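Please read all numbers here as calculations on a predicted model, not as lab measurements. All heavy atoms count here, side chains included; hydrogens, waters and symmetry mates do not. Order of the sequence lines sets the chain letters (A, B, ...), proteins ahead of strands, with each chain counted from 1.
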Amino acid sequence: MGKPDFRLPPGVKDILPEEIPKWHYLEDIIRELAKLHRFREIRTPIFEMALLFQRGVGEATDIVVKEMYLFKDRGGRELALRPEGTAPVARAYVEHGLHTRPQPLKLYYVGPMFRHDRPQMGRNRQFHQFGAEIFGAPGPAADAEVIFLLAQFLRRAGVREWELELNSVGCPVCRPQLVAALKEYLEGRASHLCPDCRQRLERNPLRVLDCKEESCRQVVQQAPTPLDYLCSRCESHFRGVQEELYSLEVPFRLNPRLVRGLDYYTGTTFEVLSPRLGAQNALGGGGRYDYLVEECGGPPTPGVGFAVGLERVLLALERQEDSPLPKDEVRWGIFVVAADEEGRKRQAYWLKLLRSAGLPADRDYASGRGLRAQLKQADRHRARWALILGAEELGRGMVRLRDLESGEQVDLPEAEVIAWLRQKETGGS
RNA sequence: GUGGAUGUAGCUCAACUGGUCAGAGCGCCAGACUGUGGAUCUGGAGGUUGUGGGUUCGAUUCCCAUCAUCCACCCCA
């Protein structure tokens, strides 16, 4: 607290050591599942040319209009901290000619995203997403595949309650008709709409569909929805997605009024909601984007993907009764303790020996402290074992190992220590 | 961008309606118990009470502003 204001800017957080195991828990699951489903990782920079998002995500979207971190570099380039992951991956796909590789191409990413929103529960200005994309697969099986991966991730992570909402927002063939019909319907009832929605009527009438204002919801009850206007292609594609989801045993609910905030979506869109999150209740979402690659200057290439917010998954898990998240209480590693001068001479040797054998080892760095003080250090630093070196044992070619959990201790011949510890480590407890 | 609540040591909190009110517990550091930790005891560091103004003889306690946090709107992850 205090004088110069070096505190963190609003909406960003430090992740302290005791929280790291939770992140590793999720990250391990992500890597394992992505591999199992044969997705390969891609890492793109955290900033891009601002234009990528303006064009890719959409000039009129909230993300671009009011949430991007914009800055100029010394060359005068307009850059932006990435607010989402799909456009950058599409950009990389085009830039490196990934369309020349065997298609479809299945990619995933994990990393920080940045949005200048007002922070609240479940919403930070820097947050982390796990996302997956499939390029070059136009059929409904690809849509189902990414949704399946998302569902598997949530299940494997241990998220108990979530609901998948599914919709199709149509393609360039059918959407214009829908928009026209919707506009006509809404214009007739504009007086019943909230001020925001009267604006939306001009810019993006679809957004009126999921307004939470009670009066708007009334109006929208009978309004035409995308599902009423799907062309035959979209219709059969969407039916195909649903059939695949049945086969994959991923439960979902149709929500014809689900509208997403990014302009690039075509056809299938979906969102995963959690009842434990408060106002920001979306764990993840995604959909199909068949024109994004083209928009980024590549050849016409269909795409579909999702992104899931890792902070929100952690939040949901923390609020469950039976949280599977790892605790930070475990003792681990070996504290090398010197009982006397004789032991002190061997301390460095043992430290190196243990580490060379792959066993985590540490010591007290203060010079010449007594055995009691060193053990106290070992305990407070949550070490699992104390390796005690003293003239008494060393004289017989032995060292003493103390279990800091139970208090039991044994003397072992020096040559057997490594094997004994390894066995303890793998042999459970 | 809008609204509401909150803001005292690293953490959790205390200080009657403004007058020894700057404290406690935990944690941290040092030490004792003299080859054995998690117990106990002793000592110590650490706050100009978010910041800046104002009212007052006097403010942590009242008023204003500002910053930050939290929750909600909006939007989404």
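Distance check on atom C1': rC29(B) versus rG46(B) gives 11 Å, rounded to whole Å. To the nearest whole angstrom, the two P atoms, one in rU48(B) and one in rA9(B), are 9 Å apart. Rounded to whole Å, the separation between the C1' atoms of rG31(B) and rC16(B) comes to 41 Å. Distance check on atom P: rC57(B) versus rC41(B) gives 48 Å, rounded to whole Å. With P as the reference atom, rG7(B) and rC63(B) are 13 Å apart, rounded to whole Å. On the P atoms, rA39(B) is 50 Å away from rG1(B), given to the nearest whole Å. Rounded to the nearest Å, the gap between the C1' atom of rU55(B) and that of rA14(B) is 27 Å. Comparing the same atom, P, in rU8(B) and in rG58(B) gives a spacing of 26 Å after rounding to whole Å.
Under the 6.0 Å cut-off for aromatic ring centres, Trp332(A) and Trp385(A) do not qualify, their centroids lying 6.0 Å or more apart. Taking the six-membered ring where the residue is Trp, the centroids of His37(A) and Phe148(A) are separated by under 6.0 Å. Note: Tyr264(A) and Tyr289(A) meet the aromatic proximity criterion, with ring centroids under 6.0 Å apart.
As rounded to whole Å, 14 Å separates atom C1' of rC11(B) from atom CD of Glu19(A). Remark: P of rC29(B) and OH of Tyr365(A) are 15 Å apart, rounded to the nearest angstrom. Atom NE2 in His116(A) sits roughly 19 Å away from atom P in rC74(B) (whole-Å rounding). One atom, CD1 of Ile63(A), and another, P of rC76(B), lie 7 Å apart when rounded to the nearest Å. Atom-to-atom, CG of Leu209(A) to C1' of rC76(B) comes out at 17 Å; the value is rounded to the nearest Å. Between the C1' atom of rG35(B) and the CG atom of Leu371(A) lies a distance of 5 Å, rounded to the nearest Å. Spacing between atom CG of Asn124(A) and atom C1' of rU69(B) amounts to 12 Å, rounded to whole angstrom units. The distance between atom CZ of Arg380(A) and atom P of rG31(B), rounded to the nearest whole Å, is 11 Å.
Between the side chains of Gln347(A) and Arg363(A), at least one donor-acceptor pair of N or O atoms lies under 3.5 Å. Side-chain contact annotation: Asp143(A) with Thr268(A), donor-acceptor N/O pair under 3.5 Å present. In the model, Asp364(A) has no side-chain atom that pairs as donor or acceptor with a side-chain atom of His381(A) under 3.5 Å. A donor and an acceptor atom, one from each side chain of Glu311(A) and His128(A), are located under 3.5 Å apart. Looking at Thr86(A) and Glu133(A), their side chains do bring a donor and an acceptor atom within 3.5 Å of each other.
Side chain Glu393(A) to base rG35(B): a donor-acceptor pair is found below 3.5 Å. For Asp117(A) against rC76(B), a side-chain-to-base donor-acceptor contact under 3.5 Å is absent. You'll find a donor-acceptor pair under 3.5 Å spanning the side chain of Gln409(A) and the base of rU36(B), going by distance alone.
Residue order along RNA chain B, read from the 5' end via each residue's closest nucleotide, puts Pro9(A) first among Gly285(A) and Pro9(A). Nucleotides of RNA chain B nearest to Ala282(A) and Lys66(A) differ in position, and the one nearer the 5' end is that of Lys66(A).
Within 4.0 Å (heavy atoms only), Asp364(A) reaches no atom of the nucleic acid at all. As judged by a 4.0 angstrom heavy-atom cut-off over every strand, Leu310(A) is placed among residues making no nucleic acid contact. No engagement by Ala386(A) is indicated, since no non-hydrogen atom pair under 4.0 Å with the nucleic acid exists. At a threshold of 4.0 angstrom between heavy atoms, the contacts of Gly11(A) are confined to the sugar-phosphate backbone, with no base atom among them. If you check every strand for non-hydrogen atoms under 4.0 Å, Glu271(A) touches nothing.
For the side chain to side chain contact (heavy atoms under 4.5 Å, CB included) with Gln126(A), the qualifying choice from Leu81(A), Leu8(A), Val12(A) is Val12(A), the only one to do so.
Listed pair Arg369(A) / rU36(B) fails the phosphate criterion, with no side-chain N or O lying under 4.0 Å from OP1 or OP2. Put simply, Lys13(A) has a side-chain N or O that comes within less than 4.0 Å of OP1 or OP2 on rC70(B).
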What pairs of nitrogen or oxygen atoms, one from the protein and one from nucleotides 71-73 of chain B, lie under 3.5 Å apart?
residue: rC71(B); atom: OP2; partner: Met121(A); partner atom: N; Å: 2.6
residue: rA72(B); atom: OP1; partner: Ala279(A); partner atom: N; Å: 3.3
residue: rA72(B); atom: OP2; partner: Gln120(A); partner atom: NE2; Å: 3.1
residue: rC73(B); atom: N4; partner: Arg123(A); partner atom: NH2; Å: 3.1

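Taken from CG in Leu317(A) to CZ in Arg312(A), the straight-line distance is 14.5 Å, to the nearest 0.5 Å.
Under the Watson-Crick or G-U wobble criterion, with both distances below 3.5 Å, rU12(B) is paired with rA24(B). Using the Watson-Crick or G-U wobble rule with both distances under 3.5 Å, rA32(B) pairs with rU40(B). Under the Watson-Crick or G-U wobble criterion, with both distances below 3.5 Å, rG3(B) is paired with rC71(B). Across all strands shown, rU66(B) forms a Watson-Crick or G-U wobble pair with rG50(B), both key distances being under 3.5 Å. For rG18(B), there is no paired base (Watson-Crick or G-U wobble, both distances below 3.5 Å).
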Sugar-phosphate or base contact per nucleotide [nucleotides 38-45 of chain B; S, B, -; heavy atom under 4.0 Å]: B-------

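Annotation: cation-pi pair Arg156(A)/Phe153(A) absent, no NZ/CZ under 6.0 Å from the ring centroid and within 45° of its normal.
Residue-environment remark: CZ (Phe47(A)) stays at or below the threshold of 12 foreign heavy atoms within 6.0 Å.
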